[in-house]
Amino acid sequence: MTDRYLSVAREGVHKLEIKRSRFLCALAPVTSEEAARDFIAARRRADPGARHHCHAFVLGPDGRTQRSSDDGEPAGTAGTPILEVLRRRELTDTVAVVTRYFGGVLLGAGGLIRAYGQSVSDALEVVGVLEHRRLSLVEVSVAYDRAGRLENDLRASPYVLHTTRFDELARFEVGLAPGEEEVFAGWLADLTNGEAAATTALGDHWVVHRA
């Protein structure tokens, strides 16, 4: 069972033009094949005049489910390069649909492969990637007069600040990798002169932050 995986950060569309052909790459986070195919169908409806809606998706923390389609482009020139970008970036729970409007200039097999791959790569730079990690959450509580400084220190540390909440004390949920608990407890005690402590273990959770 994997303890880490990456996915696209959000839904988004990015346009690329090569030799008058327009490539619109739409990306979205998905968690099922049904959701991926619904997104592909929605992209077809959004651009009914396009000649091709090529796509690929990868699902599951281990990336076991992988599908792709050339949608009428020469075999291996569209769906495969789209999928290869997702695999190379180690992305899963992600669907990519590249809609192409033909501009009248033939790109050739090599040109199509490069264009479809570049379209996805460029779109990922715009939309961004999230890292999902299975971490042990602990709750740290501290008095309000120490909270701001501790929050800044946590954000600058190698530990993952998951959530914050405030009631009678300031409370921070912090994600720790296996084996980090003892080191974190010492770091926290030294940092706050014993004013803060990891008081509650909350078990293992998937924690998400920007990669």
Side-chain angles (χ1 to χ4, degrees), residues 1-134 206-211:
M1 179 181 294
T2 183
D3 289 325
R4 174 188 178 274
Y5 68 92
L6 302 175
S7 72
V8 68
R10 61 179 175 84
E11 187 174 318
V13 180
H14 179 70
K15 184 174 76 172
L16 173 69
E17 186 168 326
I18 298 177
K19 294 183 178 179
R20 298 205 300 270
S21 279
R22 286 185 295 138
F23 297 83
L24 281 70
C25 179
L27 295 164
V30 290
T31 56
S32 69
E33 187 160 346
E34 180 181 11
R37 297 202 179 279
D38 285 346
F39 183 75
I40 295 163
R43 294 307 306 163
R44 290 185 185 278
R45 292 192 298 271
D47 291 286
R51 295 185 63 168
H52 306 283
H53 301 274
C54 309
H55 67 262
F57 57 85
V58 182
L59 299 171
D62 57 1
R64 183 173 301 177
T65 300
Q66 302 181 4
R67 304 282 187 271
S68 66
S69 170
D70 296 312
D71 195 40
E73 293 281 33
T77 63
T80 297
I82 294 171
L83 181 60
E84 281 304 310
V85 173
L86 299 182
R87 289 155 85 176
R88 187 169 65 247
R89 294 286 297 269
E90 299 181 330
L91 292 166
T92 187
D93 283 358
T94 298
V95 57
V97 183
V98 181
T99 297
R100 182 191 179 200
Y101 285 89
F102 181 55
V105 178
L106 295 175
L107 301 181
L112 287 173
I113 291 170
R114 289 189 295 274
Y116 278 101
Q118 182 183 344
S119 179
V120 180
S121 294
D122 289 357
L124 286 170
E125 293 304 315
V126 173
V127 172
V129 170
L130 293 179
E131 181 183 41
H132 304 249
R133 296 176 64 192
R134 191 192 301 274
W206 282 108
V207 177
V208 181
H209 61 100
R210 201 163 187 93

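Index from 1, following the sequence.
- A ring-ring contact (aromatic ring centres under 6.0 Å, His included) check over residues 23-46, counting only residues at least two apart or in different chains, returns the pairs F23-Y116.
- Partner of Q118 under the side chain to side chain contact (heavy atoms under 4.5 Å, CB included) criterion, out of L16, I113, V85: L16 alone.
- Closest non-hydrogen pair, P29 versus R10, comes out as CD-C, 3.7 Å.
- Interatomic distance, CG of L83 versus CZ of R88, reported as 11.0 Å (0.5 Å rounding).
- When side chains are defined from C-beta on, V13 counts as touching R43, because their heavy atoms get closer than 4.5 Å.
- L59 places a side-chain heavy atom less than 4.5 Å from the side chain of V30.
- In this structure, P61 and H132 have side chains that are not in contact, with every pair of non-hydrogen atoms separated by 4.5 Å or more.
- Expressed to the nearest 0.5 Å, how far CG of L27 lies from OG of S7 amounts to 11.0 Å.
- Nearest heavy-atom pair across S68 and G79 is CB-O, 3.5 Å.
- Panel note: side chain T94, backbone T92; a donor-acceptor pair is recorded below 3.5 Å.
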request  = Could you walk me through whether D47 and H53 pass side chain to side chain contact (heavy atoms under 4.5 Å, CB included), step by step?
outcome  = CA-CA 9 Å; D47 291 286; H53 301 274; 3.8 Å; yes
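- To the nearest 0.5 Å, the span separating CD on E131 from OH on Y5 amounts to 11.0 Å.
- Here the closest non-hydrogen pair linking E90 and L6 is O-CB, 3.5 Å.
- Residue pairs that meet the salt bridge (Lys or Arg N to Asp or Glu O under 4.0 Å) test with at least one member in residues 95-112, sequence neighbours left out, are E73-R100.
- One distance of note links CG of D93 with CG of L130; it measures 11.0 Å at 0.5 Å rounding.
- Considering every non-hydrogen atom in both P81 and G76, the closest pair reads CD-O, 3.5 Å.
- How far CZ of F57 is from CG of L86: 11.0 Å, rounded to the nearest 0.5 Å.
- Residues V129 and R89 share a closest heavy-atom pair of CG2-NH2, 3.7 Å.
- In terms of heavy atoms, I82 sits closest to H55 at CD1-N, 4.0 Å.
- Evaluation of the salt bridge (Lys or Arg N to Asp or Glu O under 4.0 Å) test over residues 19-28, restricted to residues two or more places apart or in two chains, returns none.
- Counting heavy atoms from C-beta outward, L91 and L124 have side chains that approach closer than 4.5 Å.
- Results of the side chain to side chain contact (heavy atoms under 4.5 Å, CB included) test with H52 over L112, V98, D71, D70 single out D71 as the only residue that passes.
- Within 6.0 Å of CZ on R114 lie no more than 12 heavy atoms contributed by other residues, nucleotides or ligands.
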